[in-house]
Structure formats: C-alpha cells, structure tokens
Amino acid sequence: MRPVHIGVFAAVLVLVAGLLLGWSGRAGAAADPLLSRGKAATASSTESSSYAAGKAFDGNTGTRWASVEGKDPQWLRVDLGANATVTRIKLSWEAAYAKAYRLEVSADGSTWTQLAEEKAGNGGTDEWTGLSGKGRYVRMYGTARGTSYGYSLLEMEVYGTTGTTPTPTPTGPSPTGTTAPGGAFTVVAAGDIAAQCTASDSACAHPKTAALAQRLDPKFYLTMGDNQYDDARLADFKAYYDKTWGAFKAKTHPVPGNHETYDPAGSLVGYKSYFGSIAYPQGKSWYSFDEGNWHFVALDSNAFDQSAQIDWLKADLAANGKKCVAAYWHHPLYSSGGHGNDPVSRPVWRILYDAKADLVLNGHDHHYERFAPQDPDGKATADGIVEIVGGMGGAEPYPIEQIQPNSQKRISGEYGVLKLDFTDSGYGWSYIGTDGKAKDTSPNYSCH
C-alpha cells in the first residue's frame, strides 16, 4: 500500500470540511417546505378542462396547465391557504413557455408585490432562489409568450415557511358577524339555453355549450333564465334541457326567465317541477347562498313588482356577513341588444348598489356584453356594479342594436359560457366560446 502524504491528507480533510459546510448551507436554503402542492389554483384562462390550473400543482409532470393560445397577458395563481414567507419558486415549462413574466405575491389576491422578473426566458426549468416575500397568494404573470401558442406549466412549486395555521373554510358567522375567507373557486354561467333541438341537429347549440360547461368543471353552475324554450313545459325540459345541461343539474343554481312564465300549465310550473327544491331552496323562486367569501343572490325578475321579493332582498342583504356580493336574474337593466334596457331592474339595482354589491349577471338578450362599473342611473363610477349579459347559452343569437354608455365589449353570434373566477376579495372572468377559446377576458376587480 502506498503511504498517504500527511500534507495531502490534511488538504483533503480541509476540502471535505469545506464541502460539508457548503452542502449544509445549500441544504438549509433548500430545506424550506413545499407549500403549493395540491392547493387551490386559478388561472386567467385554460385551453380546456384537461389543462386546468390545478394540474400545475399536483406533483405530476405528466399533467399541465395551459392557457388559451395566442393571447397576452395570462396568469396562474395558487392559494397557499395561509400567509407565508416565500423563499423559492420553481417553474417547469412545457414547450409553450413564457419569454417574459413576473412572479408576484399578495396577501389578499388583489394587491400584488413583485418577487422576481424574467425578460428573456427560454423555457425549460426556471428556479428562483433567495426570494423574500410575504403573502397567501402567489402567481406567475406572463406578459410575453415564447411561442405562438399560449403559456403552459408542467409544475409550479412554491417553497417557504408559514407562521400561521391555514385559514379555515367558513362554517358560520364569527362573533363579529363576518366569516373567514374560503379561498378561490370557479363558476360557469349562461342564460337563454335550451332551444327545441337535440345533438342530432348540427345547428343545435345547447349540446355544445353544455359540453363546454362540463369540461370547465366549476364549483357550480348558474343559469340566468329562459332555461327552456319556447314555453318551458315540463315535457320540453325533459326532452331538451335535461339531455344537455341537465347532466349537472345537481350542481346548478337556476333562476327563471320570461319563457318560464309561458307554460300553459301555469307560470313557472314546468320550471318548478323540473328543478324542484334546487330552484326553490327557500320556498320561493328567489333565494341566496354563500360560497367562500361571496354571497350569491338569485332573483326572479318576472316578480320585481312583488313587495315580498323586494322586502326579502333588503333583509337578506342586511343580514349578509360576506365581503363580496353577486346577484343574478334574467332581465338586464342595461343592454345593447334587441331587448335593450329594461327599467324593471332599476329598483333592485338601487338596493344592491346601496348594499355595495359587486357583480350582476343577466340574460334575456342573446349576446355577450360587459359593462364598466356604474350606478343605477348609468353613471360610470369606481364603486359601481359590474354587469354582464351572458345570453348565449344556446338560443338563437340577437344582433347588437344600440350600444349603451359604459359598454366595454360586445359579442354576438358566437355561442359560449361565462367562466367566472372568484377569490376572497375579487373576481374576473372570460367569455369562452364553444371552440374552447376565450373570446374576451375581463379586468380583475376587487370587491367593494
């Protein structure tokens, strides 16, 4: 055996000690736990339900999130469930990568602080270390695509430490009368749905919007009236609506439109017989329910002249402890379509506006339209209500006729659904066509 030189041996010991110290330091930096695995996620858009936001946080590189193609900006967000100190983020890009993006953190899902920025990305794996940001929500905000497609992440991993226990899902009022936030969720909504046709007719649209709605796989569905044409008989509900949108009836919160009043058996008879307690959970054709930090109010605009509904609405809003409020019914106060503005809704708007409601969803006119925040008199104001007309669920489209003040976007002729993304403190949405592509994407709004 060759003898080991003492000087060499000492140098080796020094080298090993240095490596161990260096390894220990790197291990300490990487030892912060993975916080994002399996947590609730939302995105600005998805290419289809196969590429949902949560696919980037499931620990499986065989799945991925993908945005719609050809549109900037796009974002992917995760709710960590509690405030955390974020120290490291790892992005594993699919072929559709971001050339430019920001990593941001937020305490409330509304106000964002930048953690890092990439201006010359080339795909593959991006690992950002040495970060220091505090918040519950983390997002990748893509501003420039690296390809002609969209943005696509196999995995997004957020590491750090939490100093608090996760925020619980609300189970009831707290002593102060408010409830704890319940995280992000997605809702699909449409009005004016089931024409008297079936999938065997290639021109029949409601089978296509139903298939799209089901692929989006939301927390629940909203319908904004005229669910079944022409007279909303029970037999017609069973023959048409039930074959398409009826597939997810148990997850649907409907309201009636004017066509539900035309039933020869009596106003709303077929509607009530078909939906049962789903449409009458509180014994009336109007009701409310909560999800997360949102209070949803479902109204019957055929009966806005009934004091019983108006009195109930005032009491319901007075008792609400949620931060955010959305209401939906059939007849829109404002519309650029063939039916135009319907003043029957103005008294209800005044009640909602006084209660600092955030969002109103309507149907009746068979097109898509979104409005800037406005008050009940149509005056644009930052604390106003945002209205969306979403009447493209399957009935024959109506043309745009007279563009109303504060109307920001109008689409007629392309069937589709609203994909609404709600957080504890805000919301945004996309209008998704039956081809699965986003035709319009809203700004992000904060709750009043």
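The analysis underlying the following values was restricted to heavy atoms, covering all of them including side chains, and did not include hydrogens, waters or symmetry mates. In what follows, residues are counted from 1 in the order of the sequence shown.
A 6.0 Å sphere centred on CD of Gln402 holds no more than 12 heavy atoms belonging to other residues, nucleotides or ligands. Within 6.0 Å of atom NZ in Lys323, more than 12 heavy atoms from other residues, nucleotides or ligands are found, so the atom counts as buried in its surroundings. Crowding of Lys134 atom NZ: a count of heavy atoms from other residues, nucleotides or ligands under 6.0 Å not exceeding 12.
Note that CE of Met224 is 7.5 Å distant from CD1 of Ile388, once rounded to the nearest 0.5 Å. Atoms CG and OG, from Leu76 and Ser152 in turn, are 10.0 Å apart once rounded to the nearest 0.5 Å.
Checked against a 6.0 Å centroid threshold, the rings of Trp65 and Tyr51 do not count as neighbours.
A donor-acceptor pair is defined here as one N or O able to donate and one able to accept, closer than 3.5 Å; such a pair exists between the side chain of Lys243 and the backbone of Lys238. The backbone N or O of Ala213 lies less than 3.5 Å from a partner atom in the side chain of Tyr221, making a donor-acceptor pair. A donor-acceptor pair under 3.5 Å is absent between the side-chain atoms of Ser36 and the main chain of Tyr159, judged by distance alone. Side-chain atoms of Tyr101 do not come within 3.5 Å of backbone N or O of Gly121 as any donor-acceptor pair. With Glu155 contributing its side chain and Gly59 its backbone, the two residues share a donor-acceptor pair below 3.5 Å. Between the side chain of Thr252 and the backbone N or O of Phe248 there is at least one donor-acceptor pair closer than 3.5 Å. Under the 3.5 Å distance criterion, the side-chain polar atoms of Arg145 are matched with a main-chain donor or acceptor of Tyr149. Between the side chain of Ser67 and the main chain of Gln74, no donor-acceptor pair closer than 3.5 Å is present.
Neither side chain, Asp300 nor Gln309, offers a donor N or O lying under 3.5 Å from an acceptor on the other. Between the side chains of Tyr241 and Asp236, no donor N or O sits under 3.5 Å from an acceptor N or O. Defined by atom type and a distance below 3.5 Å, a donor-acceptor pair is present between the side-chain atoms of Ser430 and Thr441. Asn227 and Thr223 form a side-chain donor-acceptor contact under 3.5 Å, judged by distance and modelled atom types alone. Defined by atom type and a distance below 3.5 Å, a donor-acceptor pair is missing between the side-chain atoms of Arg410 and Ser336. In this model, a donor atom of one side chain and an acceptor atom of the other lie less than 3.5 Å apart for His331 and Ser301. Defined by atom type and a distance below 3.5 Å, a donor-acceptor pair is present between the side-chain atoms of Trp329 and Ser345. Using modelled atom types, one finds no donor on one side chain facing an acceptor on the other under 3.5 Å when comparing Thr261 with Asn302. Remark: the Asp126 side chain and the Tyr97 side chain contain no N/O donor-acceptor pair separated by less than 3.5 Å. Under the 3.5 Å distance criterion, with hydrogens and angles disregarded, a donor-acceptor pair is assigned to the side chains of His206 and Thr244. A donor-acceptor pair shorter than 3.5 Å can be found between the side chains of Ser110 and Ser446.
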request  = Mind running side-chain contact (heavy atoms from CB on, under 4.5 Å) on Asp383 and Lys356 for me, showing each step along the way?
outcome  = CA-CA 8 Å; Asp383 67 351; Lys356 301 187 183 302; 5.6 Å; no
message = Let's go through Gln114 and Leu103 carefully: what are the C-alpha distance in whole Å and the side-chain angles of both, what is the deciding distance for side-chain contact (heavy atoms from CB on, under 4.5 Å) to 0.1 Å, and is it a yes or a no?
response = CA-CA 6 Å; Gln114 183 172 301; Leu103 296 176; over 6 Å; no
message = Does Asp242 form a side-chain contact (heavy atoms from CB on, under 4.5 Å) with Phe237? I'd like the steps, not just the answer.
response = CA-CA 6 Å; Asp242 192 61; Phe237 267 108; 5.9 Å; no
task = Go through the steps to decide whether Tyr151 and Asp72 satisfy the test side-chain hydrogen bond (donor to acceptor under 3.5 Å, both in side chains), and finish with yes or no.
result = CA-CA 9 Å; Tyr151 296 82; Asp72 297 312; 2.5 Å; yes
request  = Begin from the C-alpha positions of Phe422 and Phe296 and carry the test ring-ring contact (aromatic ring centres under 6.0 Å, His included) through to its verdict.
outcome  = CA-CA 12 Å; Phe422 296 96; Phe296 290 87; 5.4 Å; yes
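With a 4.5 Å cut-off on side-chain heavy atoms, Ile89 and Leu115 count as touching. Contact annotation: the side chain of Leu333 approaches that of Trp349 to within less than 4.5 Å [non-hydrogen atoms, C-beta and beyond]. Using a 4.5 Å heavy-atom cutoff, the side chains of Thr186 and Lys419 are in contact.
Residue His330 forms a side-chain hydrogen bond (donor to acceptor under 3.5 Å, both in side chains) with just one option from His364, His259, Glu260, and that option is His364. Exactly one of Thr42, Asp424, Thr423, Asp108 qualifies for a side-chain hydrogen bond (donor to acceptor under 3.5 Å, both in side chains) with Tyr137. That residue is Asp424.
Judged as a ring pair (Phe, Tyr, Trp, His ring centres under 6.0 Å), the pairs with a partner in residues 379-415 (not counting sequence neighbours) are, in order, His339-Tyr398, His366-Tyr398. Within the structure, every pair that satisfies the salt bridge (Lys or Arg N to Asp or Glu O under 4.0 Å) test and touches residues 357-377, not counting sequence neighbours, is listed here: Arg350-Asp377, Arg370-Asp440.
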Run the side-chain donor-acceptor check on residues 431-439: report pairs under 3.5 Å with partners two or more places apart or on a different chain.
{"from": "Tyr431", "atom 1": "OH", "to": "Glu414", "atom 2": "O", "distance (Å)": "2.5"}
{"from": "Tyr431", "atom 1": "OH", "to": "Gly416", "atom 2": "N", "distance (Å)": "3.1"}
{"from": "Asp435", "atom 1": "OD1", "to": "Lys437", "atom 2": "N", "distance (Å)": "3.0"}
{"from": "Asp435", "atom 1": "OD1", "to": "Lys439", "atom 2": "NZ", "distance (Å)": "3.3"}
{"from": "Asp435", "atom 1": "OD2", "to": "Lys439", "atom 2": "NZ", "distance (Å)": "2.8"}
{"from": "Lys439", "atom 1": "NZ", "to": "Glu414", "atom 2": "OE1", "distance (Å)": "3.4"}

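For Lys249 and Tyr274, the positive end sits near the middle of the six-membered ring, less than 6.0 Å away and at most 45° from its axis.
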